[in-house]
S.K.: 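Handing you a structure now.
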Amino acid sequence: MADKSGLVDLTIWQLSTLLRKKEVSSKEVTEAYLERIEAVDPKVKAYITVTADQALRAAEEADKRIASGDHRPLTGVPIGLKDVLCTEGIPTTCASKILEHFVPPYDATVVARLKDEGAVFLGKLNMDEFAMGSSTENSAFFPTRNPWSLDRIPGGSSGGSGAAVAARIACAALGSDTGGSIRQPASHCGVVGMKPTYGRVSRYGLVAFASSLDQIGPMTRDVRDCAILLNSIAGFDPKDSTSYPGEVPDFTSALGKELNGMRIGVPKEYFGHGIEEGVESAIKRAISLLEENGAQIKEVSLPHTEYAVAAYYIIAPAEASSNLMRYDGVKYGLRATGYKNLLDMYKETRSQGFGPEVKRRIMLGTYSLSSGYYDAYYKKASQVRTIIRDDFLKAFSECDCLITPVAPTPPFKIGEKVDDPLQMYLSDIFTIPVNLAGLPGISIPCALTEDGLPVGVQFIAPPFREDTLIHVGSTYEGLRGPVAPWPEL
Ligand code: GLN
């Protein structure tokens, strides 16, 4: 290929075709990405670790594989990984001081699967510490910037992943989503992001935040790429007892089908209060477009939506406080120096190693799990969770999927909400219920605001119906047409 400058603009499927036809080599593509990372990442700051040497070696391997006729959709494609996924021999920090020098001895299952397919890893992407946050400002190292407007947040917690895909410093990325951490940064960065059904993708090797809510998912330039990446990471894993043993369909076969009377529900509780005008009007335009093209739009009700954020902020911190007990300075991670005795070592290690938001969650969680409080808080929140799931299942008896906003506002300015945790928590109001109910959800770019900031639209489907999300999402994407050229940088 004569002109290499456009390589970083290609989607997975475009690149994959060129690689298969040997019109370009993985080495050339990987070099183009590494050059762009050097030029652009100092502005965006998406990467915590760039693994240039390993990437070039993997690219050479991929080229050999392709030459031998063994080509899979991701062979030779450069991908970024959120730094919450364990990578053998490569630091996995969770954007925390406590894991700053932690080098896992094994790969997460999703990482191993992508490796088997011959994907090339460019490095590890920034995030909110332990995935707690909505702006990537809670990284212990540095904030990531939104490629569409560098003084704004990219969303979070998978902000590095969203920013890298939009800035074309990764062809695609993996993120994790506990309360919105894939969909909200996807919305803010103008990329596609999917949280699969709980259990669809193995969590083995994903550093745990809230184990009953966490899922890994793709962040990509378009819906076709999302289907391709989901195909490779989905499926049963004996190493994760919560992974789903059922068949995994070929998600690409759901692409671009007619809407043919698909029933799309509009939950009335997701509109009106607290949502910015520019966001609401963008979602309403998406709804009209789908209706004009054959979808049946129905208003539905999810009456317990208003309790979702409260229930989440009991359940997630409770599970986090338990999961994070393992960072005690004994087996791995940071150990403070200059302590007086064992207890003091624990205390010093955790005081120095965790940032303020993580400490806040540990305190909230420890409080709500303490004896005498369990029934009033954790048990109550779990009951609310069941009611919220029932709301969704009832809505799905009347429709095939739901359409909603992703976040109530476009990306805000860096620093704007750091001192107001409640405001920050409320930015996940439309994504959290999906995790509580264990459902699949996707964010797809929908419009730019008058200020040129991306807005995403969310589709939510019944359990294990990611195919419905790929179907309606890809069709919507086709009807919508291009939103805007990628930001220059
Ligand atoms: N912003 C939410 C939180 O801070 C969700 C984070 C996530 O999905 N990992 O908990």
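When a ligand or atom number is given, it counts from 1 through the structure's own listing order. Numbers here simply count residues along the sequence, with the first being 1.
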S.K.: Under 3.5 Å, is there a donor-acceptor pair between the side chain of D128 and the main chain of N138?
M.R.: yes

S.K.: I'd like to know if R465 and D467 make a salt bridge, using a cut-off of under 4.0 Å between side-chain N and carboxylate O.
M.R.: yes

S.K.: Numbering the atoms of ligand 1 from 1, which are under 4.0 Å from a heavy atom of Y312?
M.R.: 2 (C), 3 (C), 5 (C), 6 (C), 10 (O)

S.K.: Pull out every atom of ligand 1 sitting under 4.0 Å from any heavy atom of A131, numbered as shown with elements.
M.R.: 6 (C), 7 (C), 9 (N)

S.K.: Does K82, backbone or side chain, put an N or O under 3.5 Å from an N or O of ligand 1?
M.R.: no

S.K.: How about F271: does its CZ atom have over 12 heavy atoms from other parts shown lying under 6.0 Å from it?
M.R.: yes

S.K.: Could you tell me whether R145 and D151 make a salt bridge, using a distance below 4.0 angstrom between a side-chain N and a carboxylate O?
M.R.: no

S.K.: Please state which protein non-hydrogen atom is closest to atom 7 (C) of ligand 1 and give its distance, to 0.1 Å?
M.R.: S181 OG, 2.3 Å

S.K.: Find all atoms of ligand 1 within a distance of less than 4.0 Å from any non-hydrogen atom belonging to G133, and give their numbers and elements.
M.R.: 1 (N), 2 (C), 3 (C), 4 (O), 6 (C)

S.K.: Taking 4.0 angstrom as the limit and counting only heavy atoms of Y313, give me the atoms of ligand 1 inside it, by number and element.
M.R.: 2 (C), 3 (C), 4 (O), 10 (O)

S.K.: Heavy-atom pairs closer than 4.0 Å: do any link ligand 1 to the side chain of R361, the backbone, both, or neither?
M.R.: side chain

S.K.: Which atoms from ligand 1 have a heavy atom of M132 less than 4.0 Å away?
M.R.: 4 (O)

S.K.: I need the atoms of ligand 1 closer than 4.0 Å to a non-hydrogen atom of S157, numbered in the order shown.
M.R.: 9 (N)

S.K.: Would a distance-only check, ignoring hydrogens and angles, find a side-chain to backbone donor-acceptor pair under 3.5 Å from S322 to A318?
M.R.: no

S.K.: Is K195 paired with D177 through a side-chain N to carboxylate O contact shorter than 4.0 Å?
M.R.: no

S.K.: Considering the heavy atoms of F209, write down every atom of ligand 1 situated less than 4.0 Å from one of them.
M.R.: 9 (N), 10 (O)

S.K.: Are the side chain of R200 and the backbone N or O of I216 linked by a donor-acceptor pair below 3.5 Å?
M.R.: no

S.K.: Nearest protein heavy-atom contact for atom 1 (N) of ligand 1: which residue, which atom, what distance?
M.R.: D428 OD2, 2.6 Å

S.K.: Determine, using ring centers only, whether Y270 and F430 are less than 6.0 Å apart.
M.R.: yes

